[in-house]
Amino acid sequence: MQRIRLRYTKRGRLRFTSHRDFQRAFERALRRSAVPMAYSAGFTPHPKVSYANAAPTGVASEAEYLEIGLAEARDPEQLRAQLDESLPPGLDVIDAVEVRTPNFVERLEASEWQLKLDGVPHEEAGRAIGLFLAAEAVEVQRQTKNGMRIFDARGAVAALEVIPAQVGNGNDTGTDGTGDVRTAGPCAILRLVVRHATPAVRPDDVLSGLRVTADLAPPVPAEVTRLAQGPLDQESGTVTDPLALDRAAATDGQ
């Protein structure tokens, strides 16, 4: 059985696609593309597809990952192109590698996020970040299926900063993750790197922490995009490519 790891996106309006909705769309794409899937054993066989650390509904992402098992070998790039053509724009398959190394999920150590805070001046966001980072711990609460939970939102944050906004024409559609920021009013853009931990600290938890420490409350909900997830470079505070080891192993095996 050949295994392929895929990177895909959730852009624009399709950021509101739930994980279950994406699963259904992806399985339809597999059928349309006539992908020779491997199936599980048992009374009700299922295609061998595994998902890793999906982003919450309503959050855009440039770095979602899944793995599929094939009954027949296929070229990863051709397979990527076929699947991408069978999915709606916004759910885009942008990378594919043959599995050559184990423990992929363990490589997803951290995520890099972009938070767009419309109505928040750059200086106010910078002041709030300074107070948040200066705190030893920032307790926030979140409703879970087991009730209200209180936990520290500060300890998992590896980096948090305000970044310069690109000057655009105000026609950002948000479909490709590269659009310029609208300039009709103040808008702070934050870069956030969060370690994957238990309990998981999400961007909305950090926003809650900024409200706790600095009374920062954006007038409209933040636009959140995951830019990357993978190994965390501790020295630079950046998130690196989790598929790099598979690509290197494929090159060494040639």
Side-chain angles (χ1 to χ4, degrees), residues 10 15-23 50-65 103 105-163 186-234 236-239 242:
K10 290 172 59 180
R15 69 185 184 276
F16 297 108
T17 303
S18 70
H19 183 57
R20 184 168 295 180
D21 289 337
F22 174 79
Q23 287 177 310
S50 58
Y51 300 87
N53 197 32
T57 302
V59 171
S61 180
E62 294 293 307
E64 302 296 287
Y65 293 94
N103 304 323
V105 173
E106 294 178 9
R107 283 179 237 161
L108 303 181
E109 297 174 342
S111 287
E112 179 180 353
W113 303 89
Q114 178 179 284
L115 285 62
K116 177 183 175 184
L117 308 183
D118 276 317
V120 176
H122 186 283
E123 297 76 11
E124 183 180 349
R127 178 190 65 84
I129 287 173
L131 292 173
F132 179 90
L133 294 177
E136 292 186 5
V138 178
E139 288 192 343
V140 299
Q141 58 182 14
R142 186 205 306 156
Q143 185 68 40
T144 70
K145 62 182 180 181
N146 297 320
M148 191 65 71
R149 183 165 190 178
I150 299 175
F151 56 95
D152 175 28
R154 173 64 184 90
V157 174
L160 179 59
E161 61 183 340
V162 184
I163 62 175
C187 180
I189 308 297
L190 310 187
R191 172 182 172 268
L192 168 68
V193 177
V194 178
R195 299 180 188 89
H196 296 168
T198 303
V201 174
R202 306 184 308 202
D204 56 322
D205 299 320
V206 175
L207 290 172
S208 295
L210 291 171
R211 186 164 56 249
V212 168
T213 57
D215 198 27
L216 180 69
V220 296
E223 285 187 24
V224 179
T225 302
R226 173 148 57 191
L227 301 179
Q229 63 172 322
L232 176 63
D233 185 318
Q234 299 287 351
S236 65
T238 58
V239 178

Between atom CG of L227 and atom OG1 of T238, what is the distance when rounded to the nearest 0.5 Å?
12.5 Å
When rounded to the nearest 0.5 angstrom, what distance separates CG in L115 from CG in L207?
5.0 Å
By ring pair (Phe, Tyr, Trp, His ring centres under 6.0 Å) - contacts of Y51 (at least two apart)
H19
Separation between CD (Q234) and OG (S236), nearest 0.5 Å, reads 9.0 Å
Partner set under side-chain hydrogen bond (donor to acceptor under 3.5 Å, both in side chains) for T57, not counting sequence neighbours
none
How far apart are the closest heavy atoms of V120 and P219, and which atoms are they?
CG2-CD, 4.3 Å
Distance-minimising heavy-atom pair for V239 and A110:
CG1-O, 3.7 Å
Looking at A153 and V201, what are the two nearest heavy atoms and their distance?
O-CG1, 4.0 Å
SB check E223 R15 (cutoff 4.0 Å):
no
Please report the closest heavy-atom contact between T213 and A128, naming both atoms and the distance.
OG1-O, 4.4 Å
Partners meeting side-chain hydrogen bond (donor to acceptor under 3.5 Å, both in side chains) with E124 (sequence neighbours left out):
none
Is the number of heavy atoms from other residues, nucleotides or ligands within 6.0 Å of CD (Q143) greater than 12?
yes
So which heavy atom on A125 is nearest to which on L190, and how close?
CB-CD2, 4.0 Å
4.5 Å side-chain heavy-atom contact, R226 and E64:
yes
Considering only heavy atoms from C-beta outward, does the side chain of T225 approach that of W113 to under 4.5 Å?
no
Q141 side chain vs M148 backbone, donor-acceptor pair below 3.5 Å:
no
Acceptor/donor pairs from residues 154-163 side chains to any protein atom, 3.5 angstrom cut, sequence neighbours excluded:
{"residue": "R154", "atom": "NE", "partner": "L133", "partner atom": "O", "Å": "3.4"}
{"residue": "R154", "atom": "NH1", "partner": "V157", "partner atom": "O", "Å": "3.3"}
{"residue": "R154", "atom": "NH2", "partner": "L133", "partner atom": "O", "Å": "3.4"}
{"residue": "E161", "atom": "OE2", "partner": "R191", "partner atom": "NH1", "Å": "3.1"}

Is there side-chain contact between P242 and Q229, with at least one heavy-atom pair below 4.5 Å?
no
Check whether more than 12 heavy atoms from other residues, nucleotides or ligands sit under 6.0 Å from atom CD of E139, and answer yes or no.
no
Flag, side chain of S61 to backbone of A63, donor-acceptor distance under 3.5 Å
yes
Hey, what do you get for CZ (R211) to CG (L216), rounding to the nearest 0.5 Å?
9.0 Å
With F132, which residues qualify under ring pair (Phe, Tyr, Trp, His ring centres under 6.0 Å), at least two apart?
none
Qualifying salt bridge (charged side-chain N to carboxylate O under 4.0 Å, His left out) pairs, either residue in residues 199-208, two or more places apart:
R142-D205, R202-D204
Closest non-hydrogen atom pair between G237 and L232, with its separation
C-CD1, 4.1 Å
